[in-house]
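Keep in mind the model is a prediction, meaning the values are calculated, not measured.
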Amino acid sequence: MGNRRYTGFDGNAPGKRAGLERLVELTVDRSGGGVWNNGTWGARNSKGPPGATPRPSVHGTGRAADMSWRRVGDKGLGAYESALQVVEFWIANAELFLIEEIHDYFPPPHGRGWRCDRSAWRMYKKPTIGSAPGGDWFHVEIAPTHADDAAYYEQAFASLPDPFGGAPVADPGPPADPGRPPDPGYVAPVPPPGSPQLSVAFSGAARADVKALQEILISQGWADFSKADGRFGNRTMGAVKAMQTALGFTGNGVDGKYGPRTAGKLRDWLATRH
């Protein structure tokens with residue numbers, strides 16, 4: 001343990017990778033929906049601490065996933081202490097699953113991280129990862145070795161028939177206490193309505209609705225730029241694609257166009273951020 005090399009960012013993949021996607025699906029299934037897919041592949045910069053130099057996110061490699069424990073409808077535990085069972089399961093099988101890094105955004109003052117090259121947690125003493133403390137999801141990265149091999153992860157999970165003690169992690173009862181009070185000062189940004197649909201057709205003159213959208217894309221870490229200019233160019237289209245992926249869109253739904261459906265999903269997302 002502790003002697004595997006950490007890969008980190010090794011170049012953007014053209015899309016989702018079957019091995020990582022299957023690991024995510026099987027984790028959701030085996031946890032009974034205790035955690036859910038909050039976003040996998042997306043070529044963008046990582047959301048680091050304020051003022052940090054932008055750097056490519058490992059999400060772009062197709063080897064990273066965000067798994068949320070936030071309670072939404074009948075999925076997600078809503079309780080950090082219970083959701084830790086999933087992280088413990090990952091770490092107990094880190095060699096089998098070829099897990100390289102886990103970020104836990106919740107603990108104060110600045111979250112914590114586990115890495116394969118030390119096989120231990122490190123509590124961050126300064127702002128190191130964005131959205132910490134208090135983030136209600138875990139970030140997990142796997143090695144490139146089987147990132148494209150869904151069958152490998154199916155076999156790995158099959159060798160662990162009872163990972164959560166014979167019962168789903170999630171309780172389908174009433175929503176659980178999220179473990180921290182909402183910030184009474186939080187006011188969710190109001191996203192533009194998406195009508196008219198915003199796309200690269202609006203890359204000419206600056207528009208207020210495009211600027212409002214760009215400000216949200218930047219604040220949520222989906223953009224690889226830091227200034228909202230109100231012009232919907234190719235970089236804004238790429239940021240919208242990253243946002244759509246994080247919001248659960250797949251296939252043709254990840255088109256980089258901002259219409260009413262994307263606006264509705266974004267509005268629901270922003271309402272839960274506090």
Side-chain angles (χ1 to χ4, degrees), residues 9-21 24-25 36-48 53-68 70 72 130-131 135 137 139 141 147-148 188-273:
F9 181 80
D10 60 351
N12 286 325
K16 295 182 179 182
R17 301 178 70 174
L20 184 278
E21 297 298 324
V24 169
E25 292 165 357
W36 47 275
N37 185 352
N38 201 25
T40 53
W41 174 80
R44 59 178 174 83
N45 281 343
S46 60
K47 187 177 181 182
T53 301
R55 56 189 179 87
S57 169
V58 178
H59 280 281
T61 71
R63 297 186 290 100
D66 290 337
M67 305 289 290
S68 181
R70 182 171 69 252
V72 178
S131 305
W137 68 95
H139 170 94
E141 299 173 18
D148 299 299
V190 178
S195 180
Q197 178 176 261
L198 301 176
S199 69
V200 291
F202 296 101
S203 61
R207 293 174 57 98
D209 50 0
V210 172
K211 184 175 182 180
L213 172 62
Q214 289 171 326
E215 288 172 346
I216 292 172
L217 294 170
I218 292 167
S219 70
Q220 298 301 309
W222 291 316
D224 63 356
F225 50 88
S226 59
K227 183 178 179 181
D229 63 6
R231 293 177 172 84
F232 198 117
N234 289 331
R235 296 177 73 183
T236 299
M237 180 177 69
V240 170
K241 286 183 177 181
M243 174 184 70
Q244 289 171 326
T245 299
L247 296 178
F249 288 83
T250 59
N252 293 334
V254 183
D255 59 6
K257 299 176 182 179
Y258 182 83
R261 183 165 175 252
T262 299
K265 288 271 193 177
L266 177 58
R267 191 177 304 111
D268 292 344
W269 164 280
L270 292 171
T272 67
R273 320 310 291 173

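- Every residue meeting the ring pair (Phe, Tyr, Trp, His ring centres under 6.0 Å) condition with Trp222, not counting sequence neighbours, appears here in chain and number order: Trp269.
- The shortest non-hydrogen separation linking Glu215 to Ala228 is CG-CB, 3.7 Å.
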Self-check item: Trace of the side-chain contact (heavy atoms from CB on, under 4.5 Å) decision for Leu198 with Arg207
Solution: CA-CA 10 Å; Leu198 301 176; Arg207 293 174 57 98; 4.1 Å; yes
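- At least one test fails for Arg235 against the ring of Phe225: distance under 6.0 Å to the centre or angle within 45° of the axis.
- At least one donor-acceptor pair under 3.5 Å links the side chain of Trp36 to the backbone N or O of Arg70.
- Residues that satisfy the salt bridge (Lys or Arg N to Asp or Glu O under 4.0 Å) test with Arg261, not counting sequence neighbours, are absent from this structure.
- Checked for salt-bridge contact, Asp229 and Lys227 miss the test: no charged N lies under 4.0 Å from a carboxylate O.
- With sequence neighbours left out, the side chain to side chain donor-acceptor pair (under 3.5 Å) criterion links Arg17 to Asp148.
- For the atom pair CE (Met237) and NZ (Lys257), the distance works out to 9.5 Å, reported to the nearest 0.5 Å.
- Going from atom CG of Asn38 over to atom CG of Leu247 covers 8.5 Å, rounded to the nearest 0.5 Å.
- Listed here is the closest heavy atom pair of His59 and Gly39: CE1-O, 3.6 Å.
- Summarising the geometry of Phe232 relative to Leu213, their closest heavy-atom pair is CE1-CD2, 4.1 Å, with the distance given to 0.1 Å.
- Ala223 approaches Ala239 most closely through the heavy-atom pair CA-CB, 3.8 Å.
- The only option from Pro191, Pro192, Pro189 that meets the side-chain contact (heavy atoms from CB on, under 4.5 Å) definition with Leu266 turns out to be Pro191.
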* Under the side-chain contact (heavy atoms from CB on, under 4.5 Å) criterion, do Met243 and Ile216 qualify, and how do the steps go? -> CA-CA 10 Å; Met243 174 184 70; Ile216 292 172; 5.5 Å; no
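- In this structure, the separation between OG on Ser131 and NE2 on His139 is 12.0 Å, given to the nearest 0.5 Å.
- Across every non-hydrogen atom of Leu217 and Val240, the tightest pair is CD1-CG2, 4.0 Å.
- Between Val24 and Ala65 the shortest heavy-atom distance is CG2-CB, 3.5 Å.
- If you take CD on Glu21 and CG on Asn37, they are separated by 6.5 Å, rounding to the nearest 0.5 Å.
- Between the Gln244 side chain and the Thr262 main chain, no donor and acceptor come within less than 3.5 Å of each other.
- Rounded to the nearest 0.5 Å, atoms CH2 (Trp41) and OG1 (Thr250) are 12.5 Å apart.
- Put simply, the side chain of Arg231 gets close to the backbone of Gly204: a donor and an acceptor are under 3.5 Å apart.
- Within a 6.0 Å sphere centred on NZ of Lys16, heavy atoms belonging to other residues, nucleotides or ligands number more than 12.
- Once rounded to the nearest 0.5 Å, the distance linking OG1 of Thr40 with CD of Glu25 reads 9.5 Å.
- Proximity of a side-chain donor or acceptor of Glu141 to a complementary backbone N or O of Phe9 within less than 3.5 Å is not detected.
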